[in-house]
Undergrad: 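A single structure is presented below for examination.
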Amino acid sequence: MNRRLTLALIATTLSLLSAGAFAQYTGPGATHAVTTVAEARAQRDDQPVVLRGTLVARIGHERYRFKDATGEIDVEIDDKDLPSHQAVSPTTVVELHGEVDTHRFKPTDIDVEYVAVVPAH
């Protein structure tokens, strides 16, 4: 009986440690590699992405067209997630932190969780 209990405790501990090795923080401030629009379109649903480019047009309530060197994609940005201290124009370079949102009958878009204005060099 003691041997089974010991084995169960060891197995539980190992499984908890291995699960932590795959966990990632994906919120604001996390270090993600910048993804291009072309790469984002090929990602699976809910995959975290960071895009760097410009918001070239407002296409609806909380919906924008985003553009980088590889193409354009529609993004959804809640009003509260836009920078309140700085104006964003079609020439302002921004970094969007969010996740891919795939759909069955409409094109893939990005659900943005955080917008950062990239300082000009």
Undergrad: Mind listing the closest non-hydrogen atom pair of P90 and T54 along with its distance?
TA: O-CB, 3.4 Å
Undergrad: Treating D68 as the side-chain partner and V37 as the backbone partner, does any N or O pair qualify as donor plus acceptor under 3.5 Å?
TA: yes
Undergrad: Under the rule for side-chain contact (heavy atoms from CB on, under 4.5 Å), what residues qualify as partners of S84, not counting sequence neighbours?
TA: none
Undergrad: Any chance you could measure T36, atom OG1, to L51, atom CG, to the nearest 0.5 Å?
TA: 8.0 Å
Undergrad: Can you name the closest pair of heavy atoms from A40 and V100 and give their distance?
TA: O-CG2, 3.7 Å
Undergrad: Using modelled atom types and a 3.5 Å cut-off, is there a donor and acceptor pairing between side-chain atoms of D45 and backbone atoms of T102?
TA: yes
Undergrad: Which side-chain N or O atoms in residues 71-80 pair as donor and acceptor under 3.5 Å with protein atoms at least two apart or in another chain?
TA:
{"unit_1": "D74", "atom_1": "OD1", "unit_2": "R65", "atom_2": "NE", "d": "2.7"}
{"unit_1": "D74", "atom_1": "OD1", "unit_2": "R65", "atom_2": "NH2", "d": "3.0"}

Undergrad: Got L96 and Y64 here, is their nearest side-chain heavy-atom distance under 4.5 Å?
TA: no
Undergrad: Is there a path of hydrophobic side-chain contacts, each under 4.5 Å between heavy atoms of I, L, V, M, F, W or Y residues, that connects V93 with V88?
TA: no
Undergrad: So which heavy atom on V118 is nearest to which on V94, and how close?
TA: CG2-C, 3.9 Å
Undergrad: Before you tell me yes or no, could you show the steps for E39 and T70 under side-chain contact (heavy atoms from CB on, under 4.5 Å), namely the whole-Å CA-CA distance, both residues' side-chain angles and the distance that decides it to 0.1 Å?
TA: CA-CA 9 Å; E39 292 169 337; T70 66; over 6 Å; no
Undergrad: Could you go step by step and tell me if L55 and T92 meet the side-chain contact (heavy atoms from CB on, under 4.5 Å) rule?
TA: CA-CA 8 Å; L55 295 171; T92 306; over 6 Å; no
Undergrad: Kindly determine whether H103 and D101 satisfy side-chain contact (heavy atoms from CB on, under 4.5 Å), including the steps that lead there.
TA: CA-CA 7 Å; H103 307 280; D101 196 8; 3.4 Å; yes
Undergrad: Report yes if the side chains of T35 and Q47 come closer than 4.5 Å at any heavy-atom pair, otherwise no.
TA: no
Undergrad: Show, in sequence, the C-alpha distance, side-chain angles and deciding distance for I110 and V49, and conclude whether the side-chain contact (heavy atoms from CB on, under 4.5 Å) test is met.
TA: CA-CA 8 Å; I110 306 296; V49 293; 4.1 Å; yes
